[in-house]
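Predicted model, so just to flag it, every value in this text is computed and none were measured.
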Amino acid sequence: TIDCNEAGPGDVEVIISDEKGRSIPIKTENPRPGVFNVKFTPESAGPIYHVEVRFAGKSVPHSPFSVSIVPDIDLSNVRILGLEKTMPVNKACALHVPNP
């Protein structure tokens, strides 16, 4: 969300690019005067995306912002079955990681 209510007159511009400089499509909503919601869909996890925000033709402080994209996973739900606290040396051991 970008709130420009106290910034004075001007237009908001948002440019999002991937680490290779390719422009990423965005959707902008204006739910009320001076407030903008910007949405984009990262194409893959891992790369850094750069978000440049301008108001009245000038970059806002700290822009561009770097955003790291992480996979949408919940590691707290990973279970490992059959892994004992102690195992014999030189003997094959098995464990099972269920895949939902």
What one should report as the nearest heavy-atom pair of Gly34 and Asn5 is CA-OD1, 3.6 Å
Heavy-atom closest pair, residues Pro9 and Ala56: O-CB, 4.2 Å
Donor-acceptor pairs are to be reported for all side-chain atoms of residues 14-26 against protein atoms at under 3.5 Å, with residues two or more places apart or in another chain.
residue : atom : partner : partner atom : Å
Asp18   : OD1  : Lys20   : N            : 2.9
Asp18   : OD1  : Gly21   : N            : 3.1
Asp18   : OD1  : Arg22   : N            : 2.9
Asp18   : OD2  : Arg22   : NE           : 2.7
Asp18   : OD2  : Arg22   : NH2          : 2.8

Ignoring hydrogens, what is the shortest heavy-atom contact between Asn37 and Pro31? Give both atom names and the distance. ND2-CG, 3.6 Å
Give, for atom CZ of Phe36 and atom OG1 of Thr1, the distance between the pair rounded to the nearest 0.5 Å. 11.5 Å
Please round to the nearest 0.5 Å and tell me the distance separating atom CD of Glu13 and atom OG of Ser59. 9.0 Å
Would a single hydrophobic cluster contain both Phe40 and Ile48, if residues Ile, Leu, Val, Met, Phe, Trp and Tyr are joined by side-chain heavy-atom contacts under 4.5 Å? no
Looking at every non-hydrogen atom in both residues, tell me the closest pair between Ser66 and His50 and how far apart they are. OG-ND1, 3.6 Å
Cluster partners of Val35, using ILVMFWY side-chain heavy atoms under 4.5 angstrom, listed by chain and number? none
Heavy-atom neighbours of Asp3 CG exceed 12 at 6.0 Å: yes
